[in-house]
Asks: 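What follows is a single structure, and I will ask about it in a moment.
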Amino acid sequence: MTTRYQAPRGTQDVLPDMQPYWAAVLEGIREVTRLHGFRRIDTPAFEYAGVFEKGSGDTTDIIEKEMYVFEDRGGEKLALTPEATPAVCRAYLEHGMASWPQPVRLYTTHAMFRYDRPQKGRYRQHHQFDCEVLGSADPLVDAEVIAVLWRLYERLGIRNVTVRLGSLDDWEPRRAYIERLKDYYRPHLEKLSEDSQRRFARNPLRLLDSKDERDQPFKEGAPKLVEQLSPAAQAHHEAVTGALAAAGIAYVIDPLLVRGLDYYNRTVFEIVPNDDERAQGTLGGGGRYDGLMELLGGPPTPGMGFGSGIERLILEMQKNGVVFEDGAMAAVYIVHRAEGAGARVFALAAELRDRGIATLIGESGKSLKAQMRGANHSGARFAVIIGEDELAAGQAVVKDLVGGGEQESVGLDRVASVVKERLDG
RNA sequence: GCGGGCGUAGCGUAGUGGUUAACGCGUCUGAUUGUGGCUCAGAAGAUCGUGGGUUCGAAUCCCACCGCUCGCCCCA
């Protein structure tokens, strides 16, 4: 492998063998979103960088160190989409969706770009299935959004996943909580890991999420936001959990759940495989973001959504033993071995295809045996053989490649209808 | 961004200083004249990730870079 033929770091080709997984995921997404009344939206591969800087929060890692930013020739500062939510919200504002019947339910599958160190399940270009419900603060919407993902995983054969649920309360009560949290940690600051000391200053909520040995003793006694929610957020939270339970969705309250984006309030959730301790195990996650529209300069508009990594879904499907049979590449394979038969063969192929029959043509000049091998590899049901004798007699041999390999001679002009009949019968 | 492991034909592997780098799968060709799958035979296919260095001699030892991978940071 020379460096000349190498996809850029953290990117990958999706080869034909993998396509059935993608097709299954995309088909599952189509069905599940239909059941929940979501409509598709596609946003551009890049946006003005400000959409994400304002929307996602410019102190988050995604924006601060992972975003692909560039200037175009006109000097505009652009960014390859690192996450979908701010882009969808931008589209909501731009197209006046506030005047559509509320709430607006949108979904997309979008390429995401993050300049990160690649690992299995973590790529610089990956794809996300993304759902957003804009214009409703109803806790049932939160539960519904979670249910979309749950149903999708179920449909894709991904078992043994758990919904981790938390609440970040609303902005003011959360700020008060963060002060209480810092008060708790302040006396122990010296004993914390370097990472956590940085978190203390920069993103205190993350203190609870630390995996460092040194930080573990303090997590237990720390105040938990989800245990002291404001009355409004508490009521909201209970409505969400009640709805999930009623729908049979297995969730656990995770008081340590923090999400990496600034705009969340109240409900946050992640879905992770039960057996996976991997750092990149999270299949999908999201939450409520009632303040995001305002950050983008729009009117107050509540929102709730998630992103779920398609590459990770496929990895998880494979882990769950989901496999796809190789499909046949064609139904008919034309084997021809006659001087000057090319045009006639090509016309026959066109006729077959006109009738909706997938057809491959053997390579001119190759031996009959080699072409028959090709027919076999193609998975075709029938070989249509045209040799010198057949061409002279205006005939073709139709050979059934499944089973014993019976063959019959048919007039060239009748081949298409005979094959059609046998395929349908 | 930080730390560890790995990198040999398309794929999976063997080979750990000494002759033309081996095997399996796959690919191609053939097994008496025009017929696939099974079997058999043969062939093609590797500048041993790239570039330097050590050595009489490097796939094998050292360094750098590239890529993958595991953990962290973070996230999907």
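What you see below is based on every heavy atom in this structure, not just the backbone, and it leaves out hydrogens, waters and symmetry mates. Below, chains carry the letters A, B, ... as their sequence lines are ordered, and counting in each starts from 1.
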Asks: Students often get this wrong, so: under 4.0 angstrom with heavy atoms, is A/Gly10 touching a base, only sugar-phosphate, or nothing?
Replies: sugar-phosphate

Asks: If you measure from the Lys or Arg side-chain nitrogens to the Asp or Glu carboxylate oxygens, is any gap between A/Asp400 and A/Arg422 under 4.0 Å?
Replies: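 A salt bridge links A/Asp400 with A/Arg422.
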
Asks: Between atom CZ in A/Arg124 and atom P in B/C66, what is the gap in whole Å?
Replies: 10 Å

Asks: What is the pairing partner of B/C25, taking Watson-Crick or G-U wobble pairs with both distances under 3.5 Å in any strand?
Replies: B/G10

Asks: Using modelled atom types and a 3.5 Å cut-off, is there a donor and acceptor pairing between side-chain atoms of A/Asp169 and backbone atoms of A/Ala233?
Replies: no

Asks: What's the gap between B/A22 and B/C48 when it is taken at their C1' atoms, as a whole Å value?
Replies: 12 Å

Asks: Is a side-chain donor-acceptor pair under 3.5 Å present for A/Ser196 with A/Arg199?
Replies: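 Their side chains do contain a donor-acceptor pair, which is all the 3.5 Å distance test asks for.
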
Asks: Let me spell it out: for each of A/Asp389 and A/Ser210, pick the nucleotide of RNA chain B with the closest heavy atom. Which residue's pick is nearer the 5' end?
Replies: A/Asp389

Asks: Provide, to the nearest angstrom, the distance between the CZ atom belonging to A/Phe382 and the C1' atom belonging to B/G36.
Replies: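 Distance, rounded to whole Å: 15 Å.
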
Asks: At a cut-off of 3.5 Å, list every protein nitrogen or oxygen paired with a nitrogen or oxygen from nucleotides 25-32 of chain B, distance to 0.1 Å.
Replies:
from: B/U27; atom 1: OP1; to: A/His377; atom 2: NE2; distance (Å): 3.4

Asks: Name the pairing partner of B/G37, where a pair is Watson-Crick or G-U wobble with both distances under 3.5 Å, or state none.
Replies: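 Because no pair has both required distances under 3.5 Å, B/G37 counts as unpaired.
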
Asks: Among B/C73, B/G34, B/U35, which nucleotide sits nearest the side chain of A/Arg199?
Replies: B/C73

Asks: Hey, which of these two, A/His126 or A/Gln407, hits RNA chain B nearer its 5' end, going by closest nucleotide?
Replies: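 First, find each residue's nearest nucleotide; the 5'-ward one identifies A/Gln407.
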
Asks: Considering Watson-Crick and G-U wobble pairs with both distances under 3.5 Å, what does B/C56 pair with?
Replies: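 When the pairing criteria are applied, B/G18 turns out to be the nucleotide that pairs with B/C56.
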
Asks: Suppose you measure atom C1' in B/C73 against the same atom in B/G1; what distance do you get, rounded to whole Å?
Replies: 8 Å

Asks: Please pick, from B/C66, B/C74, B/G36, the nucleotide with the shortest atom-to-atom distance to any side-chain atom of A/Gln6.
Replies: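 The answer is B/C66.
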
Asks: Taking B/C62 as the reference, what is the distance to B/G17 when you measure between their P atoms (whole Å, please)?
Replies: 12 Å

Asks: Which one, B/A76, B/C68, B/G37, comes nearest to the side chain of A/Pro118?
Replies: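 For the A/Pro118 side chain, the nearest candidate turns out to be B/C68.
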
Asks: What I want to find out is whether A/Asp183 reaches A/Arg180 closely enough, with some N-O distance under 4.0 Å, to be called a salt bridge.
Replies: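 Looking at A/Asp183 and A/Arg180, the cut-off is not met.
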
Asks: Report, one pair per line, the protein and nucleotides 1-4 of chain B atoms (nitrogen or oxygen only) whose separation is under 3.5 Å.
Replies:
from: B/C2; atom 1: N4; to: A/Arg117; atom 2: NH1; distance (Å): 3.0
from: B/G3; atom 1: O6; to: A/Arg117; atom 2: NH2; distance (Å): 3.1

Asks: Rounded off to whole Å, could you give me the CG-to-C1' distance for the A/Leu401 and B/G36 pair?
Replies: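 The distance from CG of A/Leu401 to C1' of B/G36 comes to 7 Å, rounded to the nearest Å.
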
Asks: Can you measure A/Asp209 atom CG to B/C74 atom P for me and round it to whole angstrom units?
Replies: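 Computing the A/Asp209:CG to B/C74:P distance gives 7 Å.
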
Asks: Ion pair present between A/Arg30 and A/Glu27, side-chain N to carboxylate O less than 4.0 angstrom?
Replies: yes

Asks: How far does the C1' atom of B/G30 sit from the matching atom of B/G36, given to the nearest Å?
Replies: 15 Å

Asks: Over how many whole Å does the gap from A/Ile334 atom CD1 to B/G34 atom C1' extend?
Replies: 17 Å

Asks: Please answer whether the main-chain N or O of A/Ser210 pairs with a side-chain N or O of A/Lys219 as donor and acceptor at a distance below 3.5 Å.
Replies: yes

Asks: With the threshold set at 4.0 Å, does a side-chain nitrogen-carboxylate oxygen contact exist between A/Glu421 and A/Arg355?
Replies: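 No, this pair does not count.
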
Asks: Whole Å only: how far is the CD atom of A/Gln371 from the P atom of B/G36?
Replies: 12 Å

Asks: If we call it a pair only when both distances are under 3.5 Å in a Watson-Crick or G-U wobble match, what pairs with B/C68?
Replies: B/G5

Asks: In the structure shown, which nucleotide is the Watson-Crick or G-U wobble counterpart of B/G51, with both distances under 3.5 Å?
Replies: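 Check on B/G51: paired to B/C63, both distances under 3.5 Å.
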
Asks: Tell me whether the guanidinium CZ or amine NZ of A/Lys65 lies under 6.0 angstrom from the six-membered ring centre of A/Tyr115 and within 45° of its axis.
Replies: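 Output no; distance or angle outside limits.
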
Asks: Tell me, yes or no, whether the heavy-atom count around A/Arg39 atom CZ, taken from other residues, nucleotides or ligands under 6.0 Å, exceeds 12.
Replies: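 Open: at most 12 neighbouring heavy atoms sit under 6.0 Å from CZ of A/Arg39.
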
Asks: Starting at atom CZ of A/Arg9, determine the distance to atom P of B/C68, rounded to an integer number of angstrom.
Replies: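 Nearest whole value for this atom pair: 6 Å.
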
Asks: Would you state whether a donor and an acceptor, one from the side chain of A/Lys120 and one from the base of B/U69, lie under 3.5 Å apart?
Replies: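 When only heavy-atom distances are counted, A/Lys120 does not reach the base of B/U69 through any donor-acceptor pair under 3.5 Å.
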
Asks: Flag the pair A/Asp61 and A/Arg202 as a salt bridge only when some basic side-chain nitrogen lies within less than 4.0 angstrom of an acidic carboxylate oxygen.
Replies: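 Yes, A/Asp61 and A/Arg202 are salt-bridged.
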
Asks: Which part of the nucleic acid, if any, lies within contact of A/Gly285, taking any heavy atom under 4.0 Å across all strands shown: a base, the sugar-phosphate backbone alone, or nothing?
Replies: sugar-phosphate

Asks: How far, in whole Å, is B/A64 from B/U60 if one measures between their P atoms?
Replies: 16 Å

Asks: Roughly how far apart, to the nearest Å, are B/G3 and B/G10 at atom P?
Replies: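 These two P atoms come out 33 Å apart once rounded.
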
Asks: Would you say a side-chain N or O of A/Lys211 is under 4.0 Å from OP1 or OP2 of B/G71?
Replies: no

Asks: Side-chain donor or acceptor of A/Asn376 under 3.5 Å from a matching atom on the base of B/G37?
Replies: no

Asks: Ignoring hydrogens and geometry, is there a side-chain-to-backbone donor-acceptor pair from A/Arg337 to A/Gly365 under 3.5 Å?
Replies: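 Yes, because the side chain of A/Arg337 sits within donor-acceptor range (under 3.5 Å) of the backbone of A/Gly365.
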
Asks: Starting at atom CE of A/Met372, determine the distance to atom P of B/G37, rounded to an integer number of angstrom.
Replies: 9 Å

Asks: Using a 4.0 Å heavy-atom cut-off, does A/Asp212 contact any base of the nucleic acid, only the sugar-phosphate backbone, or nothing at all?
Replies: nothing

Asks: For atom P, what is the distance between B/G34 and B/U27, given to the nearest Å?
Replies: 24 Å

Asks: Classify A/Phe129 by what it touches in the nucleic acid, base, sugar-phosphate, or nothing, heavy-atom distance under 4.0 Å.
Replies: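 Counting heavy atoms under 4.0 Å across all strands, no contact is made by A/Phe129.
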
Asks: Reckon A/Glu390 touches a base, only the sugar-phosphate, or nothing at all at heavy-atom distances under 4.0 Å?
Replies: base

Asks: Rounded to whole angstrom, note down the P distance from B/G26 over to B/C40.
Replies: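 Approximately 11 Å lies between the P atom of B/G26 and that of B/C40.
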
Asks: I'd like to know if the side chain of A/Ser367 reaches the main chain of A/Ala370, judged simply by a donor and an acceptor atom lying under 3.5 Å from each other, with no hydrogens or angles considered.
Replies: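 Present.
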
